[in-house]
Protein chains: 2
Amino acid sequence: MPPGATVADAGEFGLISRMVDLFEMGEHVLVGPGDDAALLRIRKGHVVVSTDLMVEGRHFRREWCDGADVGRRAAAQNISDVNAMGGRAHSLTVGLAAPADLPLAWALDLARGFAEECRLVGASIVGGDVTRADQVVVSVTVLGTCTVAPVLRSGARPGDVLALAGRQGWAAAGLAVLGRGFRSPRAVVEAYRHPEPPYEAGPAAAEGGATALIDVSDGLLAEAGHLAEASEVAIDVRTADLDVAEPVAAVGAALGSDPLQLVLSGGDDHALLATFPPGVGLPEGFHAIGTVAEGSGVTVDGGAWEGAPGWTHF
Amino acid sequence: MPPGATVADAGEFGLISRMVDLFEMGEHVLVGPGDDAALLRIRKGHVVVSTDLMVEGRHFRREWCDGADVGRRAAAQNISDVNAMGGRAHSLTVGLAAPADLPLAWALDLARGFAEECRLVGASIVGGDVTRADQVVVSVTVLGTCTVAPVLRSGARPGDVLALAGRQGWAAAGLAVLGRGFRSPRAVVEAYRHPEPPYEAGPAAAEGGATALIDVSDGLLAEAGHLAEASEVAIDVRTADLDVAEPVAAVGAALGSDPLQLVLSGGDDHALLATFPPGVGLPEGFHAIGTVAEGSGVTVDGGAWEGAPGWTHF
């Protein structure tokens, strides 16, 4: 293929074979890409499955993220959903709908990004589909397994400790500066492009007795709201225990807004929010950020939060 | 919701809950939609997985298919991929990207179509995602299981019998008349809107000793080509043994073209193409349509076919 070749130049099967060449298959992949379906060996008697879509112009922009960034972000978002059950991802499928003039190099970078993020957790890309569309849509399904019982959103009990693992507000700060045409602070821009979800924290939470678990993809307060609703409890978040990192604070100052808003409503870092019974030591990576009580809804330092709780998809 | 409500009126979570209300969960679904991921009980030590995208304007048009048609077609196409491994589908995930002004009724009809097609094989919709996009994109991942060893594309041997199960050319004839602004013959238009894949034929082929198996989604000759390539054999199709159904013949006559072209290059009926060792009785639903020999490539009645072999995605 010449430099500047498009996905249409490569053709459906050329594009697929070039993408698949970038993927490594784990030993559990008995039949990988290329047949009507993939065949996976499943050692435990269950599978955890989740699916997500990322749409150009809504979840990413090609001027802000190269193909590898989009691939890493799409893979991270899905692997994080298995993390949020207390599990480990082992297999992903990837659907790519794209305009005919999408540069082939972008699509192959996307595949490289997927491969890089999957390598972090030992997961394999086992199948997929490519087709033409007006805008780029990346569809991912992840399969995984739990070593102990999965941790749902619905198990939080009054008296539990609310705890967080992973960074919060970094990706939201990165998105905020990119949206205003800036490229710095570099640390938050990189955090938006390459989230670093706490992949060890999900299984650690499950093994450590977490009563409820969710990943923060739509905003900390929004996800706390999902936990509170599913568990039929009230949740209070203590801002004094939230880490407002220096580059996040700098973005808040530069934008003339409260950096806590970035921490409380930001998604895309894929932090984990968990509840643990009182008196249980928190697993490595978690720190307490609030409390669970009888009642309903989410408060911040005992009162209502005036800002936005998070992100909405329609 | 008032009549004429859109998906944006329903909102992300309103849309999801209305769709999920239309789905039935099988007993293997330990955790269904609503948590970070679904949890499925897997009795056999493996899972078969495949994924497909359907894009508005490319794979369907809203003026030709209502939401339920698109749901049935999308589900059928994916269930057929498990059928083509000799397996049975048990679970699907569905991603829906759609413009904000998509009628809510269309999205709920889509969910109904998925539910109807899944009911035919006892499969459950266990998870999904909805988000906004410029055009409707439906992304599906199917999980399934095989009762005996899965049948790949690569096992055909010289001397094997080539056999077909299911209708061929019906959906292509329906698409051809819809594309010219007609709505009849009704039988082929219905075949395009509601494919009837031979779901029993996949497991029957596997149990009956098929050496290779593929489903016809891109055209009979195109899929025969995939089989021939993967198995490193030559395949010859005998047109005298192909069933040119009366409404397909009528469409060919009306369009002034050879109806065999519809049978040989049509997809979307999701027929199954298999090879069996010589002398083995063919399972119910299959009939012989050709031969496998040493060599490579696909011939029709011993010679080259001048028409198109099938459909291309870029």
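Side chains included, hydrogens not; waters and symmetry mates left out as well; all remaining heavy atoms used.
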Main-chain N/O of R153(B) paired to D35(A) side chain as donor or acceptor, under 3.5 Å: yes
Within residues 134-145 of chain B, residues adjacent to chain A where the heavy-atom gap is under 4.5 Å: D134(B), Q135(B), V137(B), S139(B), T141(B), L143(B)
Pairwise distance CD1(I214(A)) to OG1(T275(A)) - rounded to 0.5 angstrom: 10.5 Å
S124(B) side chain to G26(B) backbone, donor-acceptor under 3.5 Å: yes
Identified side-chain contact (heavy atoms from CB on, under 4.5 Å) partner of L102(A) from the options R62(A), E56(A), R132(A): R62(A)
Residues of residues 44-52 of chain A contacting chain B, heavy-atom criterion under 4.5 Å, by residue number: G45(A), H46(A), V47(A), V48(A), V49(A), S50(A), T51(A), D52(A)
Chain A interface, residue from L30(B), V94(B), L152(B), D9(B) that has the most non-hydrogen pairs under 4.5 Å: L152(B)
Check: L227(A) and E223(A) side chains under 4.5 Å, non-hydrogen atoms: no
Shortest non-hydrogen contact from S231(A) toward A212(A): OG-CB, 4.4 Å
Polar side chain donor-acceptor pair, S217(A) to H270(A), under 3.5 angstrom: no
Contact residues of residues 81-90 of chain B (partner chain A; heavy-atom separation under 4.5 angstrom): D81(B), A84(B), M85(B)
Under the side-chain contact (heavy atoms from CB on, under 4.5 Å) test, residues paired with R18(A) that sit two or more places apart: M1(A), A10(A), L104(A), L108(A)
Residues L164(A), L272(A); criterion side-chain contact (heavy atoms from CB on, under 4.5 Å); working and verdict: CA-CA 6 Å; L164(A) 184 74; L272(A) 284 186; over 6 Å; no
Which portion of H226(B) sits near chain A, non-hydrogen atoms under 4.5 angstrom: side chain
Which of V55(A), N78(A), L53(A), V31(A) touches chain B most, by non-hydrogen pairs under 4.5 Å: L53(A)
Point-to-point distance, once rounded to the nearest 0.5 Å, from CG of L92(B) to CZ of F23(B): 9.5 Å
Minimum side-chain heavy-atom gap L96(B)-D129(B) below 4.5 Å: no
Which atom of V233(B) lies closest to which atom of A156(B), heavy atoms considered: CG1-O, 3.5 Å
For the student: nearest non-hydrogen atoms of Y199(A) and A76(A), plus distance: OH-CA, 3.2 Å
For M25(B) against V126(B), the heavy-atom pair lying closest together: SD-CA, 4.5 Å
For A74(B) against F114(B), the heavy-atom pair lying closest together: CB-CZ, 3.6 Å
Choice from T93(B), T6(B), L39(B) maximising heavy atom contacts with chain A below 4.5 Å: L39(B)
